[in-house]
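To find a chain, count down the sequence lines: A is the first, B the second, and so on, and within it residues start at 1. Fair warning: this is a prediction, and the values are worked out from it, not measured in the lab.
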Amino acid sequence: MKKYLARELVAALEDFEGVPQDFAPEFEKPKNPEHGDLATNAAMQLARYLRRAPRSIAGELADRLLARPLDPARIASVEVAGSGFINFRFSTEYLVGELRKLLEAGEAFGRSTTGQGKRALVEYVSANPTGPLTVGHGRNAVLGDTVANLLAWNGYDVTREFYFNDAGRQMRVLGESVRARYQAIVDPETPRKRIDAGGVSIEAPASFPEDGYLGAYIIDIAERLHARAEDAPDMAGDVAPFKEAAEQAIFADFERTLTRLGIRMDTYFNERSLYENDAVWRTLEQLREQGHCYDRDGAVWFRTTAFGKEQDTVLVKSSGEPTYRLPDIAYHADKCERGFERIVDILGADHIATYPDVLHGLRALGYDADRVEVLVHQFVTLVRDGAPVKMSTRRATYVTLDDLMDEVGEDVTRFFFLMRSPNAHLEFDLDLAKEASEKNPVFYLQYAHARICSILRKAEEVGFHGELGADLSLLGHAAEIALMKALLRLPEVLEYAAAVREPHQVANYLREVAVAFTQFYGHCRIIGEEKDLAAARMQLARAARIVLANGLHVLGISRPERM
RNA sequence: GCGCCCGUAGCUCAACCGGACAGAGCGGCGGACUUCUAAUCCGCAGGUUGCAGGUUCGAGUCCUGCCGGGCGUGCCA
């Protein structure tokens, strides 16, 4: 429709003096429905070139459009309003035609091919296996998964990837933590000490590392290890078996937790593989050959000042061990090598400082860094009993993603993380989420879906049939028209949300749809109406179900048929 | 100090890459269940969009400077 009107408008402007050759009119849906279905500000934009009042240009333009004339099967009215807007109102004929297309498309309604099959990689979660997934990981996971869904719905060939590192100091401390707990199980007489964990004192075996992981899951892992008596590790041996046991247990939990959230990764990329295939050192050599590196104080530095940073950055420590930046660069080079045209990284706000170095690294290596897009989301603040909960994986003070799902449910968890713009801090009041779960927005949407299913069931039980060939032109009630208009917006909303990577656009839109449906429900009955009208309304209700179902599907939220 | 994000109704947040009268939910107040699902609906109250300038026909949105909050700013990840 926008394209049609744009064509008409440009044609109407053909012999206008002073209009730029490349003038492209913009259209948008007015906030206020009284202003019509689509509006253009073309007259205001042209005012600059024509040196005339926008209002008078708009008047002349509208006259020319009406004189063409516009296709009455699409446009019902054209009027000039405000300071120079031209407002268009769609004809019912057009809406009904679009509604029919919606019904025919069914589960595919809202899909587009704008991605043209381009390969996209979305990397998210990417937690190291040192402890359970936290609420913070949850936001990252749900955001990434939904962005991936949005891209897939818009015709991208999407790969979902989880990047992790199971080597290094963190993992050694993890192993030592398990070993100390294990020792205490084997020998109950093990000397104890107390460790301060953010104000709380926790008892631990004397051999427990000072910066060890204090969570109870470490004890669980040690107990399970001990229960498997036949292959129980020797205390005198090295820490590796403890580390491995911990990693396996934690990773199994990752997958179980993500599955609960409806998340299924395509690939797990281990940082270690970049060492095994020498990619890390090859990357360093390439950077060095291009003159981006130098040695100082026994370390290898990356000349990031050449890219405008205040300081250069260490890639390899004087100990010979790379910092995380070098493998990160190698990893992203690998992503580029794998041929992805669109590379999206989902990062928490605490990682904002790291990615510029990666992008600089890619540029230095000759890759097109513009393919990489970093989506930063702000933190989640958990509030319990009116006070913010300080969270640290190492400390015992954190709420796991599983805890959250146990309390409020999987659907609510997903929806809450998606309700807000990624840029906004997310305040998650646990008590409120539990207590208010009955009035939760996600239930509102699911309820609308279940209610439609119920109505259609009931209508068929009492002998109404909503054939696909129903005469949809019988739909003319204001609530019916408003619902139709809301439903037909799904494709543009999904396309926009995908383009700006903002799932909350979909969540907000679905609420509008549910409201529009509820108003239709309040004004228009099906059972008891004349047969043809009932059939048409059943089709409209089906269309609403399709839109709600498809939208919830994109958000990864279940679509109950009864509640 | 510097970088990124944020500041909008009592609270939590929207506002479609500058548009018309800044919108929802929750909370508050007042109403509605012999009806296809009341997990619902209708109504009312609530705003100088942190402050001060600037650009523009037009600013919550863009620019500058302040104020306030979050996260970073490391030979940690």
Side-chain angles (χ1 to χ4, degrees), chain A residues 26 28-32 34-35 39-41 43-45 47-48 53-55 81-85 87 128 130 165 168-170 271 296-301 309-311 313-325 327-328 348-356 376-379 381 383 419-429 432 436-441 443-444 446-448 450-459 461-462 464 489 492-493 496-497 499-500 502 504-505 507-509 511-512 514-515 518-519 521-522 524-529 534 537-538 541 562-563:
Chain A
E26 293 171 11
E28 64 166 24
K29 178 185 171 296
K31 276 184 213 160
N32 186 340
E34 285 173 22
H35 293 144
T40 180
N41 60 357
M44 282 99 116
Q45 296 188 306
R48 179 191 317 262
R55 180 91 196 191
S83 48
F85 290 98
N87 294 336
N128 289 339
T130 57
N165 175 19
R169 205 187 70 89
Q170 275 187 81
E271 180 181 342
R296 193 178 76 199
D297 305 331
V300 184
W301 295 73
K309 269 195 73 171
E310 277 185 23
Q311 292 184 338
T313 308
V314 171
L315 290 181
V316 183
K317 296 183 254 183
S318 50
S319 65
E321 200 183 355
T323 63
Y324 64 91
R325 288 165 214 267
D328 270 2
D350 53 340
H351 285 76
I352 43 175
T354 78
Y355 76 86
V376 174
H377 68 269
Q378 298 299 315
F379 268 31
T381 309
V383 176
M419 266 169 39
R420 306 270 134 90
S421 154
N423 278 335
H425 290 254
L426 182 61
E427 187 165 304
F428 205 127
D429 188 325
L432 201 70
S437 65
E438 277 190 346
K439 296 196 169 187
N440 229 301
F443 288 129
Y444 184 84
Q446 293 181 319
Y447 185 69
R451 182 185 252 170
I452 295 169
C453 294
S454 167
I455 291 168
L456 293 175
R457 264 196 311 270
K458 193 76 155 260
E461 274 169 23
V462 298
F464 286 93
R489 283 181 53 221
E492 67 182 65
V493 170
Y496 178 73
V500 297
E502 290 184 354
H504 75 282
Q505 302 284 349
N508 291 344
Y509 163 72
R511 170 157 253 286
E512 286 173 33
V515 167
T518 306
Q519 275 162 3
Y521 169 79
C524 304
R525 295 185 57 80
I526 291 172
I527 296 173
E529 289 291 344
R537 284 181 175 167
M538 283 177 77
R562 50 186 91 222
M563 288 174 78

Give each protein N/O atom lying under 3.5 Å from an N/O atom of nucleotides 56-58 of chain B, with the pair distance.
none

Could you pull out the protein-nucleic contacts involving nucleotides 44-50 of chain B (nitrogen or oxygen on both sides, under 3.5 Å)?
none

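- Under 3.5 Å, the side chain of A:Asn87 and the base of B:A20 form at least one donor-acceptor pair of N or O atoms.
- Within the 4.0 angstrom heavy-atom criterion, only backbone atoms of the sugar-phosphate kind lie near A:Gln311; the bases stay farther away.
- Side chain of A:Asp350, nearest nucleotide from B:C71, B:C76, B:C21: B:C71.
- Taking the side-chain hydrogen bond (donor to acceptor under 3.5 Å, both in side chains) definition, one finds that A:Arg525 meets it with nothing, sequence neighbours left out.
- Looking at the side chain of A:Lys317, the nearest of the listed nucleotides B:A77, B:C4, B:A20 is B:A77.
- B:G72 has no base stacking with the ring of A:His351 when judged by centroids under 5.5 angstrom apart and an interplanar angle below 30°.
- For the C1' atoms, the distance linking B:G10 with B:G53 amounts to 31 Å, nearest Å.
- Listed by chain and residue number, A:His35, A:Ala39, A:Glu79, A:Ala81, A:Phe85 satisfy the side chain to side chain contact (heavy atoms under 4.5 Å, CB included) test with A:Asn87 (two or more places apart in sequence, or in another chain).
- Rounded to whole Å, the P atom of B:C57 lies 22 Å from the corresponding atom of B:C16.
- In this structure, of B:G25, B:A77, B:C75, it is B:A77 that holds the atom nearest to the side chain of A:Gln170.
- A distance cut-off of 5.5 Å between ring centres, combined with a plane angle under 30°, places A:Phe85 in a stacking arrangement with the base of B:A20.
- Under the side chain to side chain contact (heavy atoms under 4.5 Å, CB included) criterion, A:Thr323 pairs with A:Val314, A:Lys317, A:Arg325, sequence neighbours left out.
- When the P atom is used for both B:A9 and B:A14, the distance is 12 Å, rounded to whole Å.
- At the heavy-atom level, A:Gln519 lies under 4.0 Å from the strands shown only through sugar-phosphate atoms.
- In this view, A:Ala53 satisfies the side chain to side chain contact (heavy atoms under 4.5 Å, CB included) rule with no residue, not counting sequence neighbours.
- Listed by chain and residue number, A:Tyr294, A:Trp301 satisfy the side chain to side chain contact (heavy atoms under 4.5 Å, CB included) test with A:Arg296 (two or more places apart in sequence, or in another chain).
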In dot-bracket form, 5' to 3', how is RNA chain B paired? Count Watson-Crick and G-U wobble pairs only if both distances fall under 3.5 Å, and write | where the partner sits on another strand. (((((((..((((.....[...)))).(((((.......))))).....(((((..]....))))))))))))....

I'd like a table of atom pairs between the protein and nucleotides 59-63 of chain B - only N or O on both sides, under 3.5 Å - with the distance next to each one.
none

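- Annotation: of the two residues near RNA chain B, A:Arg169 and A:Met419, the 5′-most nearest-nucleotide partner is A:Met419.
- For the P atoms, the distance linking B:G60 with B:U73 amounts to 36 Å, nearest Å.
- Residue-level contact check: A:Asp297 touches the bases, meaning some heavy atom is under 4.0 Å from a base atom.
- To the nearest whole angstrom, the two C1' atoms, one in B:G18 and one in B:G74, are 42 Å apart.
- If you check B:A20, B:U37, B:A14 against the side chain of A:Arg420, the one that comes closest is B:A14.
- For A:Gln446, the side-chain hydrogen bond (donor to acceptor under 3.5 Å, both in side chains) test picks out A:Asp411, A:Ser558, with sequence neighbours left out.
- Scanning for side-chain hydrogen bond (donor to acceptor under 3.5 Å, both in side chains) contacts around A:Arg537 gives A:Glu480, with sequence neighbours left out.
- Interface remark: the A:Tyr447 side chain does form a donor-acceptor pair with the B:U37 base, using a distance-only criterion of under 3.5 Å.
- Under 4.0 angstrom from either OP1 or OP2 of B:A77 there lies no side-chain N or O belonging to A:Tyr324.
- Residue A:Pro30 places its side chain closer to B:A20 than to any other of B:C21, B:A20, B:C2.
- Side-chain to base pairing of A:Ser318 with B:C75: one donor and one acceptor N or O lie within less than 3.5 Å of each other.
- Shown here, B:C21 is classed anti by the O4'-C1'-N9-C4 or O4'-C1'-N1-C2 angle, which is more than 90° from 0.
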Can you pull every protein N or O that's under 3.5 Å from an N or O on nucleotides 5-9 of chain B?
residue, atom, partner, partner atom, Å
B:C5, O2', A:Gln378, NE2, 3.4
B:C5, O2', A:Asn423, O, 2.8

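- Atom C1' of B:G25 sits at a distance of 36 Å from the matching atom of B:G65, rounded to the whole Å.
- Comparing B:C75, B:A38, B:A15 by their closest approach to the side chain of A:Trp301 singles out B:C75.
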